[in-house]
Amino acid sequence: MKLNIALLPGDGIGPDVVEQAVKSLQAVGEAFGHSFHFEEAPVGAAAIDETGDPLPEATLAVCKRSDAVLFGAIGDPKYDNDPKAKVRPEQGLLKLRKSLGLFTNIRPIKAFPTLIEKSPLKKDIISGTDFTIYRELTGGIYFGEKKLSEDGSTASDLCEYSESEIERIAHLAFKAARSRRKKLTLVDKANVLETSRLWRRVVGSIGESYPDVELDFLFVDNAAMQIILNPGQFDVILTENMFGDIISDEGSVIGGSIGLLASASVGSDIGMFEPIHGSYPQAKGKDIANPVASILSAAMLLEHFNLQEEADAVKLAVEKSLERGVVTPDLDKESTYGTVKVGDFIADYILHNDDSTQINRENIEFGQSTII
Ligand SMILES: NC(=O)C1=CN([C@@H]2O[C@H](COP(=O)(O)OP(=O)(O)OC[C@H]3O[C@@H](n4cnc5c(N)ncnc54)[C@H](O)[C@@H]3O)[C@@H](O)[C@H]2O)C=CC1
Ligand SMILES: CC(C)CC(=O)C(=O)O
């Protein structure tokens, strides 16, 4: 298969981790006879520095002529600490998601047996955890009108959802639940928010077309507690934009590090594959960032094109790195491995493991990421 992949490394550790994901994809190309062509473009603070725009037209054009986008992270303290900044790196990512029609962000959360002792949570609580968050990505409060009064003393952000925005992601989430353990939990704040009550009505009504899927509802405050109290109860979680952003960072504690959590943003012809973490500016260029989230995002990219065997080869290589202790310091403070060495190990394993083409999927801890 030939794929044109737009590379948007972005800011902070984005370039560090995307470089490792590219190595893994190149190894897959070589091992399985695919041709991946990469075209890089600036986004975020890097793009503001170059052009004044966090998503230059030329970058959007690169994405639009690609088959898929591999995204790193955006964000820089010089904007985070300036409440008056008119242009921000984050606007680039939001605009990109909207422009590409990426209304669903899929975030798998698992407890990996090899890392079970790394989580701050108790082993018996987290073992067997395997759920996926379907986060709405192009609506809600991140996209509503923002206002600041002239004297700067009052501010507001509008949270708005339409039936059709809820329907399209709800169908994807129900289909995912149908292919998994057949349970869907809608996380909202319907006791307070009108938008949440709309979500309940629309999702409840769509649920009638999926009678084989058990649907339940949970307020987001309770969900935040349940995710670390009893994560095994969840199969697919469906939620709006901001709640999904927050509870998935919380879910990353289960796996042991946010540096492990990958995601796929889908909705139109071009998918975007991105770690859930941010630009972790303190670690930029220090060779300490965990590249696994970016590498597993590349595996989700492969699954998106039905290259399951290839995605499995990447996941197996990641598992081997974890098993053998080839991990970054977020997972082992004593580790002598950095971002590059972990990336090298994984790419090398993809290339040289003799049985990589006959992987027994049953033995792969990461399983399938349920991209529908
Ligand atoms: N999708 C994106 O591009 C996102 C961008 N951001 C931006 O990132 C910047 C930093 O935001 P923070 O709130 O500090 O979130 P962050 O996710 O960048 O970092 C939070 C903490 O998570 C850990 N961490 C994150 N990625 C890691 C990795 N690959 N390996 C090891 N540890 C890792 C570190 O302990 C770090 O202090 C901000 O400018 C923010 O706006 C934040 C979230 C998402
Ligand atoms: C615009 C982003 C910085 C919001 C975010 O935290 C995310 O979507 O991961």
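In listed order, ligands and their atoms are each counted from 1. All values reported here derive from a predicted model rather than from experimental measurement. Positions are given from 1, in the same order as the sequence printed here.
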Side chain, backbone, both or neither: the part of Asp249 lying under 4.0 Å from ligand 1 by heavy atom: neither

Could a heavy atom of Pro281 be found less than 4.0 Å from some atom of ligand 1? yes

Within a distance under 4.0 Å of any heavy atom of Gly75, pick out the atoms of ligand 1 and give their elements. 39 (O)

Among all the protein's heavy atoms, is there at least one whose distance to atom 20 (C) of ligand 1 comes out below 4.0 Å? no

The protein heavy atom nearest to atom 32 (N) of ligand 1 is Tyr280 CE2, 3.4 Å

Any idea which protein heavy atom is nearest atom 39 (O) of ligand 1, and the distance to it? Asp80 OD2, 2.8 Å

With no hydrogens and no angle check, just 3.5 Å: does a side-chain donor-acceptor pair link Arg65 and Asn4? no

Should Glu303 and Lys315 count as an ion pair when the cut-off is N to O under 4.0 Å? yes

Would you say ligand 1 has an N or O under 3.5 Å from any N or O of Arg97? no

Has ligand 1 got any nitrogen or oxygen that is less than 3.5 angstrom from a nitrogen or oxygen of Asn290? yes

Of all the non-hydrogen atoms in the protein, which one sits nearest to atom 23 (C) of ligand 1, and at what distance? Ile258 CG2, 3.6 Å

Quick check on Lys123: does its NZ atom have over 12 non-hydrogen neighbours (other residues, nucleotides or ligands) under 6.0 Å away? no

Closest protein heavy atom to atom 41 (O) of ligand 1, given as residue, atom name and distance to 0.1 Å: Glu90 OE2, 2.4 Å

With a 4.0 Å heavy-atom cut-off (strictly under), which part of Ile13 contacts ligand 1: side chain, backbone, both or neither? side chain

Is atom 26 (N) of ligand 1 less than 4.0 angstrom from some protein heavy atom? yes

So CZ of Arg168 and OG1 of Thr104: to nearest 0.5 Å the spacing works out to 7.5 Å

Gln282-ligand 1 polar pair, N/O distance under 3.5 Å: no

Quick one: sort the His171 and Tyr210 rings into parallel, tilted or perpendicular, breaks at 30° and 60°. tilted

Specify whether the nearest protein heavy atom to atom 3 (O) of ligand 1 is under 4.0 angstrom away. yes

Can you tell which of Gly278, Ala73, Ala45 gets a heavy atom nearest to atom 15 (O) of ligand 1? Gly278

Between Ile270 and the options Ser66, Cys63, Ser99, the side-chain contact (heavy atoms from CB on, under 4.5 Å) test singles out Ser66

Under a 4.0 Å N-O cut-off, is there an ion pair linking Arg180 with Asp130? yes

Numbered in order shown, the ligand 1 atoms found under 4.0 Å of a heavy atom of Asp330 are 31 (C)

Starting from atom 9 (C) of ligand 1, find the nearest protein heavy-atom neighbour and note its residue, name and distance. Ser279 OG, 3.2 Å

Given that the side chain starts at C-beta and the backbone is N, CA, C, O, which of these parts of Ile74 lies under 4.0 Å from ligand 1, counting heavy atoms, or is it both or neither? both

Cys159 versus Glu240: any side-chain heavy-atom pair under 4.5 Å? yes

Within the structure, does at least one protein heavy atom fall under 4.0 Å of atom 6 (N) of ligand 1? yes

Is any side-chain heavy atom of Lys2 closer than 4.5 Å to one of His34? no

Which heavy-atom pair separates Glu40 from Pro9 by the least distance, and what is that distance? OE2-CG, 3.5 Å

Students should be able to answer this: which protein heavy-atom is nearest to atom 1 (N) of ligand 1, and at what distance? Leu93 CD2, 3.5 Å

Flag if over 12 foreign heavy atoms under 6.0 Å of CG, Asp269: no

Mark yes or no: Lys320 above the aromatic ring of Phe345, with NZ or CZ under 6.0 Å from the six-membered ring centre and no more than 45 degrees from the axis. no

Within the 4.0 Å heavy-atom shell around Asp76, which atoms of ligand 1 are there? 39 (O)

For atom CD of Glu30, decide whether the heavy atoms of other residues, nucleotides or ligands shown that lie under 6.0 angstrom number more than 12. no

Answer yes or no: is there a side-chain heavy-atom contact under 4.5 Å between Glu90 and Asp80? yes

With hydrogens left out, which residues have an atom under 4.0 Å from ligand 2, given that only heavy atoms count? Glu90, Leu93, Leu94, Arg97, Arg107, Arg135, Asp245

Test: Asp245 and Arg135 ion pair at under 4.0 Å: yes

With Asp212 as partner, the option from Lys183, Arg178, Arg181 fulfilling salt bridge (Lys or Arg N to Asp or Glu O under 4.0 Å) is Arg178

